Every structure is written in structure tokens, then in C-alpha cells.
Number of protein chains: 2
Amino acid sequence: MRNIRNSNIELKGHPVTAQRRLLLKLIRDTRGHIDAKELYRRASSMDESISLATVYRSLRLFKELDLVDERRLGQVRCYYEVKQLGEHQHLVCKGCGAVIEFKSSLIHKLVDKVQSEHGFNVTKAELYLEGYCKECREEAKGSS
Amino acid sequence: MRNIRNSNIELKGHPVTAQRRLLLKLIRDTRGHIDAKELYRRASSMDESISLATVYRSLRLFKELDLVDERRLGQVRCYYEVKQLGEHQHLVCKGCGAVIEFKSSLIHKLVDKVQSEHGFNVTKAELYLEGYCKECREEAKGSS
DNA sequence: GTTGGAGTTGCGAATGTTTCTCATTCTCAT
DNA sequence: ATGAGAATGAGAAACATTCGCAACTCCAAC
């Protein structure tokens, strides 16, 4: 099951370019999230002529093709991660910046309820929790 | 119970300036959300010398004093609304842009669970749902 | 009521992220 | 191999937000 030549299936007819192949690989080699700037940095070290505009264009394409998910985690910028099978949500520590992923079946229940109550067809559900992890809480206690 | 002169309580010792008074009033007169640009537009019509920087600075202060809530609703920019007693979440229609607020007790349950399971102290919980409202769904059906 | 100094303001410049433009280059069905 | 259409790199532009600083305000203390 070789994968050196391109499948062209993933990109649904969009030309498979070296840049897109590289960017998709870099995203998939990342555990967790990556933002456009960091992706650009990593891509540059493999192909120093790649442009930041291409990174953004590719991310938009991947998003449209449902290959990656885009999330805003606290800051202004966006973060990307490979599309996963199950939905999951994010818990961000304001102290150390750690991002923890978790799943909860309650989300489904909630979405179902909202759909029926408001006649909505919900296509995206993002729960963002922010706070302080155990370590950062203890640190704060100690220093104050 | 007159309120013409300033209480100075709300702003917790921060000087009460004409700009801050105006901006807070405008936010409170708004039903739902407003972004910095629109707030600036409305403020300008009352005080044409007010600066956009002041709008941003005031919003940051109000946020720190817990007078307003800041949310990102789909777009890049932030939206502000007066701090409300009960938490509520947002449901945005991708078709017409309508923003619907709703409450759900399931959120609390979910947050409690996450707190105990991950040893986190959760200080903020935002649920963002996106989809299509009944009207937009029917429109789409008709046109395709 | 005046005063002084900390805090605030307006302005324009700066930042940071994301998008656009356009000439050049690449991909892939034929 | 070829050509039409799509993608790319580079820099400019667009957008929201923040910064730096001189001038101005607020308000506690007199």
C-alpha cells in the first residue's frame, strides 16, 4: 500500500501540489494544534520558498474539504488540527497555556435539544472552557 | 435615586470620564451584541472627537471589571454585551447571521464533570453553535 | 475652589493576522 | 506532449487591535 504517488481522492479533484502535500503531512505529524505561523515556520524549513499566503490558502482548502478543523483557542489567531472521528472539546489553562482535549456525551444531548427547540440544523458545536489547571492553581496559592 | 452624578462604584476607583460613561450607556442600550467598530460609530455620533483607541481601552476595562462579556461569534472580531446574571450561550445562523441566545443547565453539569475529572478550576465556559435556521433551510431547499 | 499628579485621551503609527493581486509556474485530462 | 485552468510567491492591502506620547481630565487633598 504505497502512497508516494498521489491519490487525488483526498483533495477531491483539486490539483495535488508539492506544497499541499507537505502542509498536510506537517499537520498530520502534529499532535494537537498548530497555527498558520508555526505551520509556515515548519514548512519553510522543508521548502524555503513556500509562501505564507499558500499556507493560508491551503488551510482554507483543507477546511472546506473537511480535512482539518479550525478553532480559536483564547487568542485572536486560529488553530488547526486534523479532522478527528469523534467530536471533542477544549479546555485551556490561562496559567500555562496547556490545551486539554476532552469528550462529553452531554454535548450531543444539548445540541439535540437546541435543534428541536429552535428549529435549527446545527452543523458545528464548539465548547471552549478556560480556567486554571491544578499546577497553576497551586503555584498561585504559593506566590500570593 | 438620581444617577446623574457618578457613582464611581461601578468603575472601582477608575476615573469616571465622559467617554466611559457614554460607552457604557451605549452598550447597555444595546439589546444583544455589539462590536468595537459599531460601538465607535454610535459613540462618534454623540461625541465626534472620541477615538477608536478609547473604545478598545474602555472595552478592556469593562471586561476586567466584569461589566461586559466578550465573545467571538464566528468571525474574527469580538462582540461585547452587558454582563448578565445567568450564563447563556449562542446559536448563530450561517445563512442570515441571526444570533440566538439560549440557556442550558446541561452546561453546568458538563463543567462540573470536567472540573473534577481534570482537576481544573473552570472560570469561563463558552458554547458556540452554528448552523441554519428554519427559514434559511427552507430557502436553500427552494433555490437548489 | 484650587491644585497636583496619576490616570485618560486622541492621534497616528505600529502590530499581527489573514486576504488579495497578478505575473509566473505547475497539474493533469486529453 | 499539450493547453486550459488552477496554484504559487511576493508584496501590497485589508482588517482588527494595540502602542507611544504629548495634552488633557478627574478627583482627593488641601
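In what follows, every chain begins at residue 1, and chains take the letters A, B, ... in the order their sequences are listed. It should be emphasised that the depicted structure is a prediction, and the values quoted were computed from it without experimental measurement. The figures that follow rest on heavy atoms only: side chains count, while hydrogens, waters and symmetry mates do not.
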In whole Å, I'd like the distance from the OH atom of B:Tyr80 to the P atom of D:dA16.
12 Å
Does C:dG10 have a Watson-Crick or wobble partner in any strand here, with both distances under 3.5 angstrom, and which is it?
D:dC21
Side-chain ion pair, B:Arg42 and B:Glu38, N-O less than 4.0 Å
yes
Side-chain N,O (A:Thr54) to OP1/OP2 (D:dG9) below 4.0 Å:
yes
In whole angstroms, the gap separating C1' of D:dA6 from CZ of A:Arg60 amounts to 14 Å
Rounded to whole Å, CG of A:Leu59 lies from P of C:dT17 at a distance of 14 Å
Counting any heavy atom closer than 4.0 Å, what does B:Arg20 reach on the DNA or RNA strands: base, sugar-phosphate only, or nothing?
sugar-phosphate
OP1 or OP2 of D:dT8 versus the side-chain N and O atoms of A:Thr17: is any pair under 4.0 Å?
yes
Would you mind telling me which of A:Lys25, A:Lys83, A:Arg28 makes a salt bridge (charged side-chain N to carboxylate O under 4.0 Å, His left out) with A:Glu10?
A:Arg28
For the base of D:dG9, is there a side-chain donor-acceptor partner from A:Arg57 under 3.5 Å away?
yes
Starting at atom CZ of A:Arg21, determine the distance to atom P of D:dA7, rounded to an integer number of angstrom.
15 Å
Rounded off to whole Å, could you give me the NZ-to-C1' distance for the B:Lys63 and D:dT17 pair?
11 Å
Taking CD1 from B:Ile50 and C1' from D:dC24, how many angstroms apart are they, rounded to a whole number?
15 Å
Determine: side-chain N/O of A:His14 to OP1/OP2 of D:dA7, distance under 4.0 Å, yes or no.
yes
Can you tell me if B:Glu70 uses its side chain to pair, donor with acceptor, with the backbone of B:Cys78 under 3.5 Å?
no
Whole Å only: how far is the CZ atom of A:Arg72 from the C1' atom of D:dA16?
12 Å
If you assign B:Ala53 and A:Ser51 each to the DNA chain D nucleotide with the nearest heavy atom, which residue ends up on the more 5' nucleotide?
A:Ser51
Looking at A:Ser49, does any N or O in its side chain come under 4.0 Å of the phosphate oxygens OP1/OP2 on D:dG9?
yes
Length of the line joining B:Leu65:CG and C:dT8:C1', which is rounded to integer Å
14 Å
When you check the phosphate oxygens OP1 and OP2 of D:dA16, does a side-chain N or O of B:Lys37 lie under 4.0 Å from one of them?
yes
Just to confirm, is there a sub-4.0 Å distance from OP1 or OP2 of C:dT18 to any side-chain nitrogen or oxygen of A:Tyr56?
yes
Going by distance alone, is a donor N or O of one side chain under 3.5 Å from an acceptor N or O of the other, for B:Glu64 and B:His14?
no
Is the closest basic N to carboxylate O distance between A:Arg71 and A:Glu101 below 4.0 Å?
no
Of B:Leu52 and B:Gln19, whose closest DNA chain D nucleotide lies nearer the 5' terminus?
B:Leu52
